[in-house]
Amino acid sequence: MGQPESRENRAAEQSELPPGQRLQRGWPVTHYGPVPKFKPDRWEFRVFGATADGDKHCWNHQEFSALPFSSVVADLHCVTKFSMLGAEWGGVPARTVLELAPPAPEATHVMVWAEYGFSSNLRMADFAADGTLFATHKDGELLTAEHGFPLRLVVPHLYAWKGPKWVRGIEYMTADRRGFWEERGYHNIGDPWSEQRYSYQEEPGDGPEL
Ligand SMILES: Nc1nc2c(c(=O)[nH]1)N[C@H]1C(S)=C(S)[C@@H](COP(=O)(O)O)O[C@H]1N2
Ligand SMILES: [Mo]
């Protein structure tokens with residue numbers, strides 16, 4: 001009673017926070033390095049590595065923007081312990097990319113590449129999961145530059161570092177390799193519900209040798 005009915009309040013009542021996380025009001029900006037400038041005529045989304053036909057696939061910005069659009073409601077959990085709940089993300093499902101530029105049968109992992117060489121590795125099943133989405137929009141509006149415009153990955157069931165901002169492509173891999181934060185002490189898998197925060201918590205089989 002008397003509490004404003006904000007989206008965050010409703011989200012907080014409806015969702016449960018993963019262990020060790022606290023609710024963040026608003027949407028902070030968290031990343032390593034500078035915010036890249038978007039150059040529409042130079043931008044392309046590349047699919048390379050172990051593709052089914054052995055070729056690279058490229059979409060320019062106009063082509064990528066014309067791919068089927070869908071949305072997903074998902075929470076964002078930062079490993080530094082804040083969570084943002086109930087955002088509606090709009091964009092292109094990772095599944096669509098898998099269908100249009102399929103991996104070879106031997107591909108087991110995906111490296112997601114972003115501007116300035118930032119990367120994050122995912123198991124194929126995490127990449128192909130229902131909610132995984134290349135987002136262009138949040139809550140009906142285009143992403144802002146600092147939140148990843150023109151494209152960021154959202155992997156609802158993993159910590160947010162698994163979702164690079166300023167994505168430029170994916171690499172299908174036939175063996176696992178660590179991405180940027182996974183090489184620097186974060187967990188190779190990153191499930192927030194089992195608090196897979198740091199690489200020292202990894203069990204045999206969770207990731208390649210450090
Ligand atoms: N390119 C890039 N993407 C990134 C990161 C980064 O350092 N570089 N940090 C990740 C981390 S740790 C978090 S918590 C989220 C934060 O997203 P936000 O700034 O939109 O809240 O972006 C993720 N994506
Ligand atoms: Mo984070």
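One-based numbering, in listed order, for ligands and for the atoms of each.
- Distance from atom 9 (N) of ligand 1 to its nearest protein heavy atom, with residue and atom name: Thr30 O, 3.6 Å.
- Protein heavy atom in closest approach to atom 17 (O) of ligand 1: Arg152 NH2, 3.0 Å.
- The shortest non-hydrogen separation linking Val112 to Pro164 is CG1-CG, 3.8 Å.
- Annotation: atom 19 (O) of ligand 1 to nearest protein heavy atom, Lys165 NZ, 2.5 Å.
- Ring pair Phe64/Trp43 is perpendicular by interplanar angle, where above 60° counts as perpendicular and below 30° as parallel.
- Aromatic pair His31/Phe118: centroids not less than 6.0 angstrom apart.
- Using a 30° and 60° split on the angle between ring planes, His61 and Phe149 fall in the perpendicular class, above 60°.
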Quick one: side chains of residues 44-54, donor-acceptor pairs under 3.5 Å with protein atoms, not counting sequence neighbours, listed by atom name and distance.
from  : atom 1 : to    : atom 2 : distance (Å)
Thr51 : OG1    : Asp53 : OD1    : 3.4
Thr51 : OG1    : Gly54 : N      : 3.1
Thr51 : OG1    : Asp55 : N      : 3.1
Thr51 : OG1    : Asp55 : O      : 2.8
Asp53 : OD1    : Asp55 : N      : 2.9
Asp53 : OD1    : His57 : NE2    : 3.3
Asp53 : OD2    : His57 : NE2    : 3.3

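- The residue from Trp161, Tyr32, Trp27 that puts a heavy atom closest to atom 10 (C) of ligand 1 is Trp161.
- Close N/O approach between His147 and ligand 1 is found [any backbone or side-chain N/O within under 3.5 Å].
- Electrostatic pairing of Lys165 and Glu146 does not count as a salt bridge here, judged by no charged N lying under 4.0 Å from a carboxylate O.
- Residue nearest to atom 14 (S) of ligand 1, selected from Gly117, Gly163, Ser119, Cys78: Cys78 (by heavy-atom distance).
- At least one heavy atom of Trp181 sits less than 4.0 Å from an atom of ligand 1.
- Short contacts between ligand 1 and His31, defined as distances under 4.0 Å to a heavy atom of the residue, involve ligand atoms 5 (C), 6 (C), 7 (O), 8 (N), 9 (N).
- Proximity to Trp166 (heavy-atom distance under 4.0 Å) selects the following atoms of ligand 1: 1 (N), 2 (C).
- Remark: aromatic rings of His187 and Tyr159 are distant, center separation not under 6.0 Å.
- The atoms of ligand 1 that sit less than 4.0 Å from any heavy atom of Val29 are 19 (O).
- Each of the following atoms of ligand 1 lies closer than 4.0 Å to a heavy atom of Pro164: 3 (N), 24 (N).
- Aromatic rings of Tyr198 and Tyr200 (six-membered ring for Trp) have centroids within the 6.0 Å cut-off, being under it.
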